[in-house]
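Letters A, B, ... are given to chains in the order of the sequence lines, protein chains preceding strands, and every chain is numbered from 1.
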Number of protein chains: 2
Amino acid sequence: MVEGVEPPKRRRNRAAREREMLEAAERIFGERGYQGTSMDDVAAEVGVSKPLIYQYYGSKDGLFLACLARLRAQLLETVSDAVMAATDAEDALYAGFVAWFQFLDDHPQAWSVLIDEGMLSTNPAAGPAAAATDEVRAAFIELISAMVRMNLPPGRTADNDEIEIIAQSISGATERLAIWRSRVPAPPTPEKVARTLQDLLWQGLQTLSTA
Amino acid sequence: MVEGVEPPKRRRNRAAREREMLEAAERIFGERGYQGTSMDDVAAEVGVSKPLIYQYYGSKDGLFLACLARLRAQLLETVSDAVMAATDAEDALYAGFVAWFQFLDDHPQAWSVLIDEGMLSTNPAAGPAAAATDEVRAAFIELISAMVRMNLPPGRTADNDEIEIIAQSISGATERLAIWRSRVPAPPTPEKVARTLQDLLWQGLQTLSTA
DNA sequence: GACAACAACTTACTCCCAGTAAGTTACTCG
DNA sequence: CGAGTAACTTACTGGGAGTAAGTTGTTGTC
């Protein structure tokens, strides 16, 4: 029997298939968003039937969260590293901002996965990725709070409400700026944005420390 | 035939029904979010069949947008009024913040309508209310930009990028703070939050004006 | 090499919900 | 009263999430 090519391998082991699915899902979610993507789409892309995805990832949310996980870790690590590498508080803030905006420039597709239904979803009941994105946010807020606290003079007792308010503000500002940059035709460079934000906030932060 | 009460009026005119539908929709969206609400739910609540809602509002998005419209107008007006009533720039900023947080405290249900899938949706393709919420945001950003510009010394040529960055930051900060306040058990008062935010930003804003 | 046992995979559904076509019932005005 | 229209309903389509139950390939064992 003349067979031009060997028949394509149908069966793969679980790990390999999971990887395939994840890659396809990342791409399709990135292109069409969460709502715009159906499980059948992903299944077709992988060349597999839908229930198999359910068997491996449990639900559409599960698949989406899996897509986010890598991303999340990378993003957090990138920014944390930049902050930790800085020599003083002022530089740490600036470096963190730059790392944040730069990362999102470097991973536009990943970013759109995060944004769509994720960044936006604030209500845990609303979105699937809401919880996951909230975790990222919480981690950043923790990071910012820590930076603010460390910048406080030794003797001063921090007003926790104030620190929380400031951390939330900075987190909100950076998120909105990221979204804005991703949608405007010619966004300013990460450095420019970071610089401006730094200028806007730094003096106020100093004042807090000495009030 | 003994009829205890007169048979309930079934038929109403269009305007009255539209109002009924809008009220029901506002309540249900407020409770269960956009995704969690089905058109059948709303129809049942009003005591009417689903197609009637479609006849009047066109689509689920249409209904949701109608809910947002009032809210939107009120919110914008409240904050604008507060800003306009202020005597100087510093007070205008503070008054605007207070008005914003206060309004959201006073309309928690309305607020949750705005947040859920609305505030969050940044991608036009993602959500239905995305466009509407973006309009609110755009209006605020315009307002903030104007305030910043007016606070500039007469001779200075403004760097438009910087002003945009600042306006986006402030908008993002206030949004995030509002969401945070709505979810934390004992949020600080509007005045406290406004004060802290004011302290954080004011000096930076002054610096921009004289840089 | 045969076969048991498990892992990989599929077919063929269910249910839920947005949206619609086509018809029916009550009100109103001449 | 009857005609015309506004208000309303029943009964459907289509699509997508999720699932029950079965089938087929692979692998290790004698």
How close or far is atom [atom2] of [N] from atom [atom1] of [X], stated in whole angstroms?
X	N	atom1	atom2	value
A:Glu20	C:dA8	CD	P	13 Å
B:Tyr57	C:dA18	OH	P	17 Å
A:Gln55	D:dT23	CD	P	17 Å
B:Leu52	C:dA18	CG	C1'	16 Å
A:Arg14	D:dT26	CZ	P	18 Å
B:Asn13	C:dA26	CG	P	18 Å
A:Arg11	C:dA8	CZ	P	9 Å
A:Ile53	C:dA8	CD1	P	15 Å

Inset, instruction - May I ask you to check if A:Lys60 and A:Tyr34 form a cation-pi contact, with NZ or CZ under 6.0 angstrom from the six-membered ring centre and within 45° of the axis? - result: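 Yes, cation above the ring, under 6.0 Å and within 45°.
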
Inset, instruction - Assess the side chains of A:Gln102 and A:Asp106: does a donor N or O sit below 3.5 Å from an acceptor N or O? - result: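 Per modelled atom types, A:Gln102 and A:Asp106 side chains form a pair under 3.5 Å.
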
Legend entry - Ring center gap for B:Trp202 and B:Tyr94 short of 6.0 angstrom: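 No, ring centres 6.0 Å or more apart.
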
Legend entry - Test: B:Arg14 and B:Glu18 ion pair at under 4.0 Å: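 The answer is yes: the pair qualifies as a salt bridge.
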
Legend entry - Stepwise side chain to side chain contact (heavy atoms under 4.5 Å, CB included) test for A:Glu90 and A:Leu205: CA-CA 10 Å; A:Glu90 190 167 1; A:Leu205 287 170; over 6 Å; no

Nucleotides 16-19 of chain D: which of its N/O atoms have a protein N/O under 3.5 Å away?
unit_1 : atom_1 : unit_2  : atom_2 : d
D:dA17 : OP1    : A:Thr37 : O      : 3.4
D:dA17 : OP1    : A:Lys60 : NZ     : 2.9
D:dA17 : OP2    : A:Met39 : N      : 2.9
D:dA17 : N7     : A:Lys50 : NZ     : 3.3
D:dG18 : OP2    : A:Tyr54 : OH     : 3.1
D:dG18 : OP2    : A:Lys60 : N      : 2.9
D:dG18 : N7     : A:Lys50 : NZ     : 3.0
D:dG18 : O6     : A:Lys50 : NZ     : 2.9

Inset, instruction - Could you pull out all residues at least two apart from B:Asp41 that satisfy side chain to side chain donor-acceptor pair (under 3.5 Å)? - result: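 B:Arg32, B:Ser38.
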
